[in-house]
Amino acid sequence: MKIGLGLYRHMLTEDNLRFARQAGATHVVAHLVDYFSGGPRIPESTGRSSGWGPTHRVGKPWTLAEIEQVKEKVETQGLALHAVENLDPGHWHDILLDGPRRDDQIEGVLESIRLLGEAGIPHLGYNFSLAGVWGHRTGPFARGGAESIGFDAASLEDQPEIPVGQVWNMDYAPQGEETIGAVSSEQMWSRLEYFLKAAVPAAEAAGVRLCAHPDDPPLPTLRNTARVLTSEAALQRFVDLVPSPANALEFCQGTISEMHDLDIYEVIARFAGQDRIGYVHFRNVVGRMPNYHEVFVDEGYVDMFRALRTYAENGYDGVFIPDHTPQMTCDAPWHAGMAFALGWMSAALRAVEEGR
Ligand SMILES: [Mn+2]
């Protein structure tokens, strides 16, 4: 098992890559869709927003040269590029919305998958979600008053419908008054199945695993739109839609441990045992739906040693990244939080692998 660090495009600097290596990471997950591509709304050091506000999308699909440049930059620092994420709302909104350009946009995604294969990047992470990450709040929720992310369904007084021109909490076109209205669970599953039936064969051919992130927060409906990957049964239904190792999960242990009515160790064993975990977002939480907050890796309800042992015992030998962490009180809150998580993970992985 291996340790990695996720970095947004604007954070893929030589210094941050050296930081990752210094903290014990051997792999990098590159987020090439920056949440704040319209401008630095948050200090670069934090890496995570206090609210993932919409931003106008004007980006172009990746080129092979761009992908290879990222890979080379990562490899120059002695790291491996394990995955690229995410699909850009500007390029696949009609796949999510069942819009008129759906098939054109699927062709574009297939081309992106082929480029990743050509560049030798083995995973593509994505979120099949309309409302995306929405409704969280920040506060001193982690140990010692460290700033972190929380969710409380009772505090969501108003859930405005998603405007036309926005998806996954990002704007891809100017907006008017019109909204996309209600979207049912059946509609979302049907759209997901249509996408997977086209994309998984292309991924198999390219030697790339598609890795779906569960819906965060894991509510069945948000902003009047259904969310598909919000329960253990839904995750199983997802992997069964197209039975292939190329149809895998971006296994956000944090989000999954926020779901109610499941045993996180049993879920790890189930999907590791089926070889459907592309890579893991390794973070801990206090509480579950409908009220939880994100905390330090050694602070939440999940016994993270037991979790790591469960991955190992069920054949998972891939990469773990910290996902997000609370911000530590110092001059470099994001770096300190990540260094703490990576150091903890490094020691824990070694203990598990040596059977201590
Ligand atoms: Mn995650």
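Along the sequence shown, residues are numbered consecutively beginning with 1. Here the structure is a predicted model, which means the values were calculated and not measured. Just so you know, ligand 1 is whichever comes first in the structure, and atom 1 is the first atom listed for that ligand. Scope of the values below: all heavy atoms of this structure, side chains included, with no hydrogens, waters or symmetry mates.
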With a cut-off of 2.8 Å, how many protein N, O or S atoms neighbour the Mn ion (ligand 1)? 4
Would you find more than 12 non-hydrogen atoms of other residues, nucleotides or ligands less than 6.0 Å from Gln69 atom CD? no
Pair Phe320 + Tyr311: ring centers closer than 6.0 Å: yes
Quick one: do Glu118 and Arg114 make a salt bridge, cutoff under 4.0 Å? no
Going only through I, L, V, M, F, W and Y residues with side-chain contacts under 4.5 Å, is there a path from Tyr292 to Val267? no
Checking Glu258 now: which residues fulfil salt bridge (charged side-chain N to carboxylate O under 4.0 Å, His left out) with it, not counting sequence neighbours? Arg283
Does the side chain of Tyr265 pick up a donor-acceptor pair with the side chain of Asn314 at under 3.5 Å? no
